Amino acid sequence: MKKITSVLFFLNLFFILLPGYISGQNAKPLRVGYSIGVNRITEEIMSYSKSVGIESIEVSVNELVGKDRQFSLSDAEITAKMKAVKNAADKAGIEIWSVHMPYGQFIDLSLTDEQERRKVVAMHRKMLDFCRILQPKIILFHPSYYLGLNERETRKKQLIRSAIELNETVRDMKATMVIENMLGYELQKDETHEAPLCRSVEETVEIMGRLPKNIFSAVDTNHIKDPEKLIRAMGKRLKSVHIADGDGKKECHYLPCSGQGQNNWTEILSALEDANYKGPFMFECKYENVKDLTECHQQLYQQFISGKK
């Protein structure tokens, strides 16, 4: 009887440990994507991207809006451009995973002037209507531009108000809103400005905790030192990423395999796995040839798997 009990114990232990072992040995790499400006997307570029292993893209539409919040093209021209982008991606078999919404000093969801904030929200709503054509899964927003001194709490409230209003349109598109963390190694940028919102793990956790649960997080690995800490803090709230290397102190956007940055990519991939992240490994970095991105991902993934054995 004692022998049978021991056998049963080890059998139970085996079946408890087996899933973790299989996960470690057979973990699948994430599909690879990259962020690209809407004006750069052509059938030729999409076809080549697919041929070198790109499966997803993020379409940045910032270039369609000027500093005055006016659109650079007519409604008919933007509509035609969006249809051409969608057709080019579909023809190549590439997923339009996300749209990176416009950003800048005057395109700021957290503006303290309520009348100006409403104009920003209206501009974003109009852009979202054009983006319906792309059928993205994710809509990514910056939380703010640089802030004035001592207005952080007011800016947070304005961001939350804007995000809630815009999320109605995003959800009507059957998409998911995400808010990106921003660079802010030090609170104060200069004598008159503070770093943008979502500048640290603590502040991002706080702001996400004040937003509705159907608004999620995007982690930019170039915007924070030790990004794996923010990934783990976001957990299931994480829905998209921007992949680039850096030092957490300035905008670098290095290719992770360039050797120029300080990120620990094994830790980052481990954190993504722990968060059960299923989106693309979405590069937003400098590169010479788009094939460098898929090759870099393979290199990082092999290092990650080797470290688990």
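Note that the structure is a prediction, hence the values are computed from the model and not measured.
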Assess the residue pair E151 and R155 against the criterion (salt bridge (charged side-chain N to carboxylate O under 4.0 Å, His left out)); give the C-alpha distance rounded to whole Å, side-chain angles, the decisive distance to 0.1 Å, and a yes or no. CA-CA 6 Å; E151 59 180 23; R155 292 290 201 128; 2.8 Å; yes

For the backbone of G246 and the side chain of Q260, can you confirm whether one donor and one acceptor N or O come within less than 3.5 Å of each other? no

For residues I57 and I41, determine if any side-chain heavy atom of one lies less than 4.5 Å from a side-chain heavy atom of the other. yes

Quick check: does any side chain N or O of R232 sit under 3.5 Å from a backbone N or O of A275, one acting as donor and the other as acceptor? no

Taking the six-membered ring of F106, is the NZ or CZ of K67 close enough (under 6.0 Å from the centre) and on axis enough (within 45°)? no

Using modelled atom types only, decide if a donor and an acceptor are shared between the side chain of H223 and the backbone of N181 within a distance under 3.5 Å. yes

Does any N or O in the side chain of S47 come within less than 3.5 Å of the main-chain N or O of E43, such that one atom is a donor and the other an acceptor? no

For H297 and F283, I'd like to know if the aromatic rings sit close, meaning centre-to-centre distance below 6.0 Å. no

Assess whether atom CD of E153 is packed by more than 12 heavy atoms of other residues, nucleotides or ligands within 6.0 Å. yes

Indicate yes or no: does K126 engage D129 in a salt bridge with an N to O separation below 4.0 Å. no

Look at the side chain of K249 and the backbone N and O of Y185, then say whether any donor-acceptor pair between them is shorter than 3.5 Å. no

Should E114 and R118 count as an ion pair when the cut-off is N to O under 4.0 Å? yes

Assess the side chains of S144 and R152: does a donor N or O sit below 3.5 Å from an acceptor N or O? no

Which residues pass the side chain to side chain contact (heavy atoms under 4.5 Å, CB included) test with Y277, not counting sequence neighbours? L30, L238, S240, V241, L272, P280

Taking Q158 for its side chain and L111 for its backbone only, find out whether a donor-acceptor pair lies under 3.5 Å. yes

Within the 4.5 Å heavy-atom criterion, are Y48 and K291 side-chain neighbours or not? yes

Among residues at least two apart in sequence or on other chains, which ones pass disulfide (SG to SG under 2.5 Å) with C252? none

Hey, does V61 have a side-chain heavy atom less than 4.5 Å from the side chain of P102? yes

For salt bridge (charged side-chain N to carboxylate O under 4.0 Å, His left out), just list the numbers for K156 and E206, CA-CA rounded to whole Å, side-chain angles, deciding distance to a tenth of an Å, and then say yes or no. CA-CA 10 Å; K156 290 176 185 176; E206 178 210 341; 2.8 Å; yes

Check this for me: R171, atom CZ, are more than 12 non-hydrogen atoms of other residues, nucleotides or ligands nearer than 6.0 Å? no

Test item: D190 side-chain N/O and H193 main-chain N/O as donor-acceptor pair under 3.5 Å: yes

Do side-chain atoms of D113 reach the backbone of E116 as a donor and acceptor pair under 3.5 angstrom? yes

Between the side chain of E203 and the main-chain N/O of C198, is any donor-acceptor distance below 3.5 Å? yes

Classify the angle between the aromatic ring planes of Y103 and H100 as parallel (below 30°), tilted (30 to 60°) or perpendicular (above 60°). tilted

